[in-house]
Amino acid sequence: MAGVGQLCPHLLSFSSVRLESNACQPSFKEVSRAAFFRGSSQLVCKQSSTVRSKVRFGKGSQEGRTMTTCNAAVSAGSDSALAQKVDFKKLQNGSDIRGVALEGVEGEPVTLTEPITEAIAAGFAGWLLDKKNIDGFVKLKISIGHDSRITAKSMQSAAARGIAGAGLDVVLYGLASTPAMFNSTMTVQDDLLCPVDGAIMLTASHLPYNRNGLKFFTNAGGLGKADISDILSRASKIYDKMSDKSREVSQSAAEAVVSEVDYMERYTQDLVEAVRKGAGGVEKPLEGFHIVVDAGNGAGGFFAGKVLEPLGAVTTGSQFLDPDGMFPNHIPNPEDKKAMEAIKKAVLEQKADLGIIFDTDVDRSAAVDSSGRELNRNRLIALMAAIVLEEHPGTTIVTDSVTSDGLTTFIEKKLGGKHHRFKRGYKNVIDEGIRLNQIGEECHLAIETSGHGALKENHWLDDGAYTMVKLLIKLAAAKVSGEGSGSEVLSNLIGELKEADFASELRFKINQEHPDLGSGTFREYGEQVMKKLESMVELDSTLQKAPVNHEGVRVSGFGGWFLLRLSLHDPVLPLNIEAPSKEAAAKLGNAVLAAVQDFKALDISPLQKLLTSVN
């Protein structure tokens, strides 16, 4: 078998399949199930031309199993699609890959084409083969799912081509959630072709409609930054070898079968069973509850009909459940003010007990109680911490760096836990939770203010649906035990959480073209800014630098705090300020201004506007 990216005209034949459907009659009756070369063959599975038929595998494979498949063809494509020069490294966004996948937005050229996507998927397949270190007789499987984006189908086809071209099997899930894709690497169910060896989710989270991206999973979890860099390096080499000629060789040499299964049915059933188990085995533990869901036209619309209703809840008034990649109503983002106002309005109008909102790919979530109070950011962390610490007294709660001092007091003084404030970035937070357990410090929850929350009991997967399941279990169990029957059960858990009267996040952009940077990078420049701030804080007796801090410069004073840090990926210095009053916020802001105002490449106008408004 040729190496990844090499052109190979030979087809390695595996077990044969017998077509049982009369819907499509090929020119031959026996179709070879192909192990394609590890390179750039062009397997296409287009929704409009797919013929689904029942196939039964012959001896030596999976005899007797019947499944729905998609008979895919091989497409030659065009060299014109490969003319674009690509810096694959620029597509990396931490532990994800993201780019512009659709034309139409001025100033945003397409950076994630079908050939690029195909090369990336082939790169992942090659990476997976190396990691699994399997012999040539074992056929690996990769599942592909996508959110509601309008480029989802074309990218799914491209990813399938790349994987099949590398000699691996492809299992298509269609519309799915990111957490479901990870779960598919652990589920054991033969008729769903599970577990798969790797999974790809096509999503760009809450970003605009013209964006898309890829997330990767194995049964060890989501891939890290180093893994993504490796995959992109492989993809670049594969892409450079793609041509019309290589595609024509693939087209004339191979027919392929790509399986298509409904994995979301299994995933949602697992969520339902988790709530039933947590409520003591009651079949409909949410009977009598009215819960509305806002999916923002992303992939989370399943939660109302597939999870809540089987548990007995009324979901009247749920909104934006249908997938629409143009996101016509609001951004599917639990941090977005318009999105939270939309679910809040729905709860109040419907007089519902609870509102639930998801981001596009359902790895983040938030809630609204019956009074319209938002349960997101620090409140959601406090609520989840209260639930987890009831189950695991004294455990450590890992959060990102921008959580409040009030949250620390709540976790440690009220709940008896330990608050471990770490860095921004959901992968950083989750990996820190895993690391603490490895060194002997018990941790059961790692959660970011963005709504990414991962639990040890759920394989450290940041699953927005499972986060909401934990809230539902608390509601259901309280009702069964007679403790309460409304969302006040949740609100009461965080009744003693102290919150700042003033909170703001500002973003200082670094102009990378400004001569003040000299020959340095924006990251080096940002470090200089923070070093200057740190030195000035040390000279000010009204300010106290945080004794333990893992990111940026965090300082307390005047009853509040601020954190200046460098963005994980962008030339930006975000500044968070929380204070008991505008006056206190102004004092904190002026302290920052005094330190940063001489850095000419730094746009500090957001801080200047803030100080004007609060003075």
Side-chain angles (χ1 to χ4, degrees), residues 377-378 399-413 418-424 428 449 497-511 514 516-518 520-568 570-615:
R377 299 185 63 81
N378 284 299
T399 74
D400 58 335
S401 60
V402 301
T403 48
S404 69
D405 287 348
L407 179 66
T408 301
T409 301
F410 180 73
I411 291 174
E412 297 189 348
K413 304 300 183 184
K418 179 182 177 182
H419 182 196
H420 182 89
R421 187 184 287 116
F422 197 56
K423 301 175 182 179
R424 284 284 278 179
N428 289 330
T449 47
L497 172 66
K498 292 183 179 180
E499 300 182 271
D501 290 335
F502 180 93
S504 180
E505 179 172 292
L506 310 174
R507 296 174 66 82
F508 303 156
K509 294 182 179 180
I510 300 173
N511 181 358
H514 198 284
D516 202 34
L517 264 72
T521 66
F522 78 81
R523 190 163 295 279
E524 292 169 338
Y525 193 78
E527 293 289 349
Q528 292 175 23
V529 174
M530 291 189 291
K531 186 176 181 180
K532 176 69 177 295
L533 175 60
E534 194 170 16
S535 64
M536 291 191 68
V537 167
E538 291 174 352
L539 299 175
D540 190 336
S541 61
T542 64
L543 301 174
Q544 299 83 41
K545 182 183 171 185
V548 179
N549 185 49
H550 297 279
E551 183 174 47
V553 181
R554 187 180 180 105
V555 175
S556 297
F558 310 107
W561 61 274
F562 68 74
L563 172 68
L564 184 70
R565 61 185 177 85
L566 189 60
S567 171
L568 295 176
D570 303 318
V572 172
L573 284 166
L575 172 67
N576 291 82
I577 299 177
E578 286 195 10
S581 66
K582 289 183 178 181
E583 292 76 17
K587 292 177 181 179
L588 292 170
N590 280 317
V592 175
L593 181 63
V596 304
Q597 60 188 352
D598 293 334
F599 289 87
K600 304 305 180 184
L602 194 66
D603 179 10
I604 59 173
S605 59
L607 178 58
Q608 293 169 328
K609 290 178 182 177
L610 173 69
L611 292 173
T612 299
S613 68
V614 298
N615 283 323

**Q** Without swapping roles, check the side chain of D400 against the backbone of T449 for a donor-acceptor pair under 3.5 Å.
**A** yes

**Q** To the nearest 0.5 angstrom, please state how far the CD atom of E527 sits from the OG1 atom of T521.
**A**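 Answer rounded to 0.5 Å: 9.0 Å.
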
**Q** List the atom of A585, the atom of F502, and the distance in Å for their closest heavy-atom pair.
**A** CB-CD2, 3.4 Å

**Q** Where do A591 and L543 come nearest, in terms of heavy atoms and distance?
**A** CB-CD1, 3.8 Å

**Q** Ignoring hydrogens and geometry, is there a side-chain-to-backbone donor-acceptor pair from Y525 to I510 under 3.5 Å?
**A**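 Checked: no pair found.
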
**Q** Enumerate the side-chain hydrogen bond (donor to acceptor under 3.5 Å, both in side chains) contacts for residues 498-508, please, sequence neighbours excluded, ordered by first and then second residue.
**A**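 Residue pairs with at least one partner in residues 498-508: R373-E499, R379-E499, E505-N576.
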
**Q** First locate atom CZ of R523, then atom CG of D570, and finally report the distance between them rounded to the nearest 0.5 Å.
**A** 9.5 Å

**Q** What's the verdict on side chain to side chain contact (heavy atoms under 4.5 Å, CB included) for L568 and E551, showing C-alpha distance, side-chain angles and the deciding distance?
**A** CA-CA 10 Å; L568 295 176; E551 183 174 47; 3.9 Å; yes

**Q** Side chains of L573 and L564: closer than 4.5 Å at any heavy-atom pair?
**A** yes

**Q** Supply the atom-to-atom distance L593 CG to I604 CD1, rounded to the nearest 0.5 angstrom.
**A** 5.0 Å

**Q** Is there side-chain contact between F558 and S581, with at least one heavy-atom pair below 4.5 Å?
**A**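 Contact flag for F558/S581 side chains = no.
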
**Q** Is there a side-chain contact between L610 and I577, using heavy atoms and a 4.5 Å cut-off?
**A** yes

**Q** Quick one: closest heavy-atom pair of G560 and L588, and the distance?
**A**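 In terms of heavy atoms, the two residues are closest at C-CD1, 4.0 Å.
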
**Q** Would you check if F562 and L533 make a side-chain contact, meaning some heavy-atom pair closer than 4.5 Å?
**A** yes

**Q** Can you name the nearest heavy-atom pair linking V402 to R377, along with the distance?
**A** CG2-NH2, 4.5 Å

**Q** With side chain to side chain contact (heavy atoms under 4.5 Å, CB included) as the criterion, how do Q528 and D516 come out once you've worked through the C-alpha distance, each side chain's angles and the decisive distance to 0.1 Å?
**A** CA-CA 12 Å; Q528 292 175 23; D516 202 34; over 6 Å; no

**Q** I need the minimum non-hydrogen distance between L517 and A601, along with the two atoms involved.
**A**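 The pair with the smallest heavy-atom distance is CD1-CB, 3.3 Å.
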
**Q** Could you tell me whether K532 atom NZ has more than 12 heavy atoms of other residues or ligands within 6.0 Å of it?
**A**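 More than 12 heavy atoms, drawn from other residues, nucleotides or ligands, come within 6.0 Å of this atom.
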
**Q** Do you know the tightest heavy-atom contact between V529 and L602?
**A** CG1-CD2, 4.1 Å

**Q** Excluding sequence neighbours, so at least two apart, what forms salt bridge (Lys or Arg N to Asp or Glu O under 4.0 Å) with D405?
**A**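 Result, salt bridge (Lys or Arg N to Asp or Glu O under 4.0 Å) vs D405: R421, R554.
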
**Q** Can you check whether P574 reaches R565 side chain to side chain, under 4.5 Å on heavy atoms?
**A**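 With C-beta onward as the side chain, the pair touches.
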
**Q** Under a plain distance cut-off of 3.5 Å, with no hydrogens placed, do S567 and R424 share a side-chain donor-acceptor pair?
**A**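 Per modelled atom types, R424 and S567 side chains form no pair under 3.5 Å.
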
**Q** Out of curiosity, Q544 CD to T542 OG1, how far, rounded to the nearest 0.5 Å?
**A**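 One gets 7.5 Å once the value is rounded to the nearest 0.5 Å.
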
**Q** Are side-chain heavy atoms of V553 and M536 found at a separation under 4.5 Å?
**A**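 No, every pair of side-chain atoms sits at 4.5 Å or beyond.
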
**Q** Is the shortest side-chain heavy-atom distance between N428 and H550 below 4.5 Å?
**A** no

**Q** Just verifying a value: how many Å separate N590 CG and Q597 CD, rounded to the nearest 0.5 Å?
**A**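 So the gap between those two atoms works out to 9.5 Å.
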
